[in-house]
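Indexing begins at 1, ligand by ligand and atom by atom, following the structure's order. A quick note: this is a predicted structure, and the numbers were derived from the prediction, not measured.
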Amino acid sequence: MVPRQSPKEGQIGFLYLPPIRVQGISVAGEQTAVGIPEYDIVFDIGLCPRPVISAKVLALSHTHMDHVAGLPYYFSQRYFQKLPVGKCYCPKPMAEPLQAMMRTWVALERQETPFEIVGLEPGDEVEIKPNTFLRAHASSHTIPSLAYSVVEKRKKLRVEFSELPRERIRELRLAGEEISNVVDVSLVAYTGDTEPAPFLYHSDFVNARVVITECTFFDPEHQDKAKIGKHIHVEDLRSLFAVWKAEHVVVVHASRRTMLSFARERLNDVAGSRADSVHMLMDFRANRKRLELQSLEFDSGEHSDVSSENNEIG
Ligand SMILES: [Zn+2]
Ligand SMILES: [Zn+2]
């Protein structure tokens, strides 16, 4: 007998949330890697799907296998493709074991694969692009873990000068007046695997344009499982959706056993009026439909360019 079909290859989840793309694969216990090409970053590296290899920065939330297994492949492939050395940030206690693992891989491959692994503590931040920083947050999982935000430090005109004419502002600046201050603009926040914890109410999460959140359990009877595994249950999202101002929330880390339609129903319930802004990375059908609509709207000229915000002075 001839088999009916070949095994299906893992499909890449994809969302266009202007001005960024969120792409990758995330299935609880199997693999999670979520990339944002615009910021040259990938969060976690479960099995390293090809599109995330090009990300120069890798932010590891923790070292469970489904989040870290692709790490040696990532470094090795970047070397093979003659890309600059990738930079992996991880929870501080895991930096040494990860470096030891990479040293073993270097010995196994008999190839001098360069790698850079840097441990971070909650509150640490590193510049990943000019004026754009990766900031670590204290998440709470069963092993050392971090959540992350990507924050742009933007110079803004101080409020007391906002009404003045341009010419006057120029004069003040030339006279040495401090006319601007630096404000944090939280571009994206990523929870990693975590139980509900205070960091989820940090201003970087409250104000992020896009929040990428794990949600592993959807069944009302699985609240205990969520607690034991230190994961987010869909019911936990209710209070978070009430405070997160994000234009878009991307839900990742549902398990293979979760029925998409059921998960969607539960998400709609806890999201209430903002259900339209909540997406599931692995809901291929909904996301494909959304993308088609986006391109239809674009073609018919209904799109509006992202206008620059007021009082911005570069
Ligand atoms: Zn996981
Ligand atoms: Zn985990």
Side-chain angles (χ1 to χ4, degrees), residues 10-13 15 22-36 41-49 51-52 55 58-74 88-98 101 117 119-122 136-149 188-200 205 211-219 222-237 240 249-260 263 266-267 279-283:
Q11 213 180 329
I12 306 286
L15 281 159
V22 178
Q23 59 187 38
I25 301 183
S26 181
V27 181
E30 291 185 15
Q31 53 168 321
T32 287
V34 184
I36 301 176
I41 194 166
V42 58
F43 298 105
D44 292 326
I45 192 101
L47 290 180
C48 195
V52 309
L58 160 59
L60 273 188
S61 66
H62 65 302
T63 47
H64 276 151
M65 189 61 90
D66 55 321
H67 296 257
V68 74
L71 186 63
Y73 189 78
Y74 165 81
C88 170
Y89 296 101
C90 67
K92 195 150 214 172
M94 299 318 198
E96 211 297 306
L98 285 171
M101 177 191 73
I117 297 167
L120 296 181
E121 287 178 335
H137 298 266
S139 60
S140 176
H141 196 38
T142 53
I143 57 173
S145 65
L146 289 174
Y148 295 98
S149 54
V188 62
Y190 175 75
T191 66
D193 285 11
T194 187
E195 65 183 343
F199 81 93
L200 295 165
F205 278 78
V211 175
I212 303 169
T213 181
E214 78 123 306
C215 183
T216 311
F217 295 99
F218 293 85
D219 195 311
H222 287 170
Q223 302 239 24
D224 284 353
K225 286 192 180 182
K227 277 207 179 70
I228 293 163
K230 294 201 172 187
H231 281 293
I232 288 177
H233 185 281
V234 70
E235 276 303 324
D236 302 322
L237 290 179
L240 293 169
V249 175
V250 179
V251 175
V252 298
H253 209 265
S255 84
R256 188 169 289 277
R257 287 186 299 275
T258 306
M259 275 253 298
L260 268 184
R266 300 300 310 123
L267 280 172
H279 316 280
M280 296 186 80
L281 181 64
M282 301 306 276
D283 190 345

Exercise. Mind checking whether the Zn ion (ligand 2) has an N, O or S of H64 under 2.8 Å?
Worked result: yes
Exercise. N/O/S atom of H67 under 2.8 Å from the Zn ion (ligand 2), yes or no?
Worked result: no
Exercise. Taking the N/O/S atoms of D66 one by one, which is nearest to the Zn ion (ligand 1)?
Worked result: OD2
Is it true that [X] and [Y] have ring centroids separated by less than 6.0 Å?
X    : Y    : result
Y190 : F43  : yes
H253 : H67  : yes
F205 : H137 : yes

For this session: Output yes if H253 passes the N/O/S-under-2.8 Å test against the Zn ion (ligand 1); output no otherwise.
Result: yes
For this session: Angle at the Zn ion (ligand 2): provide the value between OD2 of D193 and NE2 of H62, rounding to 10 degrees.
Result: 90°
Exercise. Are any non-hydrogen side-chain atoms of F217 and H231 less than 4.5 angstrom apart?
Worked result: yes
Problem set entry | Between S140 and T194: side-chain donor-acceptor atoms closer than 3.5 Å | no
